[in-house]
Engineer: 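This structure is in structure tokens; I'll ask about it shortly.
Ligands are counted one by one from 1 in listed order, and the atoms in each one are counted from 1 as well.
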Amino acid sequence: MQASLEMVKALLDPGKKVVVLTGAGVSAESGVPTFRGKDGLWKTYRAEDLARPDAFAARPELVWEFYNWRRELVAGCEPNAAHRSLAVMEQQIPNFLLITQNVDGLHARAGSRKLVEMHGSLWRVRCTACAHAREERAPLPPLPECPVCGHLLRPGVVWFGEPLIPGVLKLAVEQLGHADLFISVGTSNLVQPAASFHQLAKDHGAITVEINLEATPNTGLSDFALHGRAGDILPELIAGMTP
Ligand code: NAD
Ligand code: ZN
């Protein structure tokens, strides 16, 4: 593992194009629960069963209660060493992009700016009927209403089974097509289309790296698999780079 880490470190060259994909595991050390594994339960519900348009249609109050709980929980969390390391990496590598599946906003709070939040944000709300959308950090009522048309607001996140925000997939595919190095961090690689980014980058000739506590379906596609905590591995990778 140490040998692989040193080799990946050597690949982090300011002349290279680096694309990083992160998932819920990057925020686990900040105290934000992941969806899979033992943390993926809220009350008696699986988080995956609530983050769905059909769940919201059937039980909007329950889904909003879940999201209001998540908003409150994340408001009390801080970015960790993994988020901070990726912000440093961005400053040292001019041709850099961070694509996150996370909706917690912790990458931005750590200072990342070349950032695509492909699944939206917990801090965004939008109307289920009209075009109204806004950033909202204040606590919301159990069933928040649109100030423009009075219909129900929904979380501004992309739920399972929904299409991505327009333009996001095109941008990701374009960027992956030019990557020299692709690093996936803390994602189970089970949610599409993000799970296919690894293959896409590899097909275009990128060197691929996976950082995760355990093996994922994409480990076999990785030139380097670094297994351990993102908050330990990423600081080691950027050691020597100055912010
Ligand atoms: P996931 O919950 O499916 O998988 C998390 C992965 O992170 C696992 O493979 C696990 O082994 C790994 N992991 C856990 N702790 C880690 C650590 N300290 N270091 C390195 N790896 C670690 O997450 P996903 O793949 O991102 O898919 C879940 C979907 O749910 C995403 O689409 C996302 O939008 C959403 N989600 C977001 C958040 C968030 O914003 N923080 C949290 C949960 C789920
Ligand atoms: Zn409206």
Engineer: Just to confirm my output: which protein heavy-atom neighbour is closest to atom 41 (N) of ligand 1, and how far is it?
Structural biologist: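 Ranking protein heavy atoms by distance from atom 41 (N) of ligand 1, first comes Asp104 OD2, 2.7 Å.
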Engineer: Mind checking how many protein N/O/S atoms fall short of 2.8 Å from the Zn ion (ligand 2)?
Structural biologist: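 Counting protein N, O and S atoms closer than 2.8 Å to the Zn ion (ligand 2) gives 4.
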Engineer: Ignoring angles and geometry beyond distance, decide whether Phe160 reaches within less than 3.5 Å of ligand 1 through its nitrogen or oxygen atoms.
Structural biologist: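 No, Phe160 has no N/O under 3.5 Å of an N/O on ligand 1.
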Engineer: Under the 6.0 Å and 45° cation-pi test, does Arg71 pair with Trp64?
Structural biologist: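 No, Arg71 does not lie over the aromatic ring of Trp64.
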Engineer: Taking only heavy atoms of Glu214 into account, list the atoms of ligand 1 that are under 4.0 Å away from them.
Structural biologist: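 That gives atoms 11 (O) of ligand 1.
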Engineer: Which of the listed options, Thr187, Ile233, Val185, Asn212, holds the heavy atom that is closest to atom 11 (O) of ligand 1?
Structural biologist: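 Nearest option to atom 11 (O) of ligand 1, by heavy atoms: Asn212.
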Engineer: Show the atoms of ligand 1 that are less than 4.0 angstrom away from any heavy atom in Ala230.
Structural biologist: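 Answer for ligand 1: 17 (C), 19 (N), 20 (C).
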Engineer: So that I can tick it off, tell me whether Glu162 and Arg52 are bridged by a salt bridge, with the cut-off set at under 4.0 angstrom between side-chain N and carboxylate O.
Structural biologist: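 Salt bridge between Arg52 and Glu162, a charged N being under 4.0 Å from a carboxylate O: no.
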Engineer: Give the numbers and elements of all ligand 1 atoms closer than 4.0 Å to a heavy atom of Val191.
Structural biologist: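 Those atoms are 27 (O).
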Engineer: Which atom pair, heavy atoms only, marks the closest approach of Ala82 to Val26?
Structural biologist: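 Between these two residues, the closest heavy atoms are CB-CG2, 3.8 Å.
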Engineer: Using heavy atoms and a threshold below 4.0 Å, how should the contact between Ser188 and ligand 1 be classified: side chain, backbone, both, or neither?
Structural biologist: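 For Ser188, the contact with ligand 1 is made by both the backbone and the side chain.
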Engineer: Before signing off on this row, confirm whether Thr216 and ligand 1 have an N or O atom pair separated by under 3.5 Å.
Structural biologist: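 Such a contact does not occur with ligand 1.
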Engineer: Using 30° and 60° as the class boundaries, would you call the ring planes of Phe66 and Trp42 parallel, tilted or perpendicular?
Structural biologist: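 Tilted, since the angle between the ring planes falls between 30° and 60°.
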Engineer: Does Pro33 reach ligand 1, in the sense of a heavy atom lying below 4.0 Å from it?
Structural biologist: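 The answer is yes, since Pro33 has a heavy atom less than 4.0 Å from ligand 1.
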Engineer: Below the 3.5 angstrom mark, is there an N/O of Val103, backbone or side chain, next to an N/O of ligand 1?
Structural biologist: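 Between Val103 and ligand 1, an N or O pair is found under 3.5 Å apart.
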Engineer: So between Pro217, Gly186, Ala28, whose heavy atom ends up nearest atom 7 (O) of ligand 1?
Structural biologist: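 Selected option, by shortest heavy-atom distance: Gly186.
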Engineer: Applying a heavy-atom cut-off of 4.0 Å, say which part of Leu213 lies close to ligand 1: side chain, backbone, both or neither.
Structural biologist: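 Within the 4.0 Å criterion, Leu213 contacts ligand 1 through backbone and side-chain atoms alike.
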Engineer: Let me confirm one number: the CZ-OG distance from Phe96 to Ser112, rounded to the nearest 0.5 Å.
Structural biologist: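 So the gap between those two atoms works out to 6.5 Å.
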Engineer: So is Gly228 touching ligand 1 or not, going by heavy atoms under 4.0 Å?
Structural biologist: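 Yes, that is the case, since the closest heavy atom of the residue is under 4.0 Å from the ligand.
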Engineer: Any Lys/Arg nitrogen of Glu135 or Arg124 sitting under 4.0 Å from an Asp/Glu carboxylate oxygen of the other?
Structural biologist: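 A salt bridge is present here (some side-chain N lies under 4.0 Å from a carboxylate O).
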Engineer: Could Arg229 and Glu29 be called an ion pair, given the rule that one side-chain N must be under 4.0 Å from one carboxylate O?
Structural biologist: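 Answer for the salt bridge query: yes.
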Engineer: If I apply the N/O under 3.5 Å rule, does Arg229 come out as touching ligand 1?
Structural biologist: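 Among all N and O atoms of Arg229, none is under 3.5 Å from an N or O of ligand 1.
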Engineer: Out of all atoms in ligand 1, which are within 4.0 Å of some heavy atom of Val32? Include the element for each.
Structural biologist: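 This gives 41 (N) as the contact atoms.
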Engineer: Could you list the atoms of ligand 1 found under 4.0 angstrom from a heavy atom of Gly23?
Structural biologist: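 Those atoms are 26 (O).
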Engineer: Quick test of your reading of the structure: of Met118, His119, Gln101, Arg70, whose heavy atom lies closest to atom 38 (C) of ligand 1?
Structural biologist: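 Nearest heavy atom to atom 38 (C) of ligand 1 lies in Arg70.
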Engineer: With a 3.5 Å cut-off and no angle check, do the side chains of Thr22 and Gln101 form a donor-acceptor pair?
Structural biologist: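 Absent: no donor and acceptor within the cut-off.
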Engineer: Would you mind running through ligand 1 and noting each atom that sits below 4.0 Å from a heavy atom of Glu29?
Structural biologist: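 Selected atoms, number and element: 17 (C), 18 (N), 19 (N).
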Engineer: Please determine, by modelled atom types, if Arg109 and His107 share a side-chain donor-acceptor pair under 3.5 angstrom.
Structural biologist: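 Looking only at side-chain atoms, His107 and Arg109 do not form any donor-acceptor pair under 3.5 Å.
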Engineer: Looking only at the side chains, is there a donor atom on one of Glu72 and Asn68 sitting less than 3.5 Å from an acceptor on the other?
Structural biologist: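 No pair is found: no donor N or O on one side chain lies under 3.5 Å from an acceptor on the other.
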Engineer: Taking NZ, NE, NH1 and NH2 as the nitrogens, is one of them in Lys9 or Glu236 under 4.0 Å from a carboxylate oxygen of the other?
Structural biologist: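 Between Glu236 and Lys9 there is no salt bridge, as every charged N stays at least 4.0 Å from the carboxylate O atoms.
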Engineer: Is His227 close enough to touch ligand 1? Criterion: a residue heavy atom under 4.0 Å from a ligand atom.
Structural biologist: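 The answer is no, since His227 has no heavy atom less than 4.0 Å from ligand 1.
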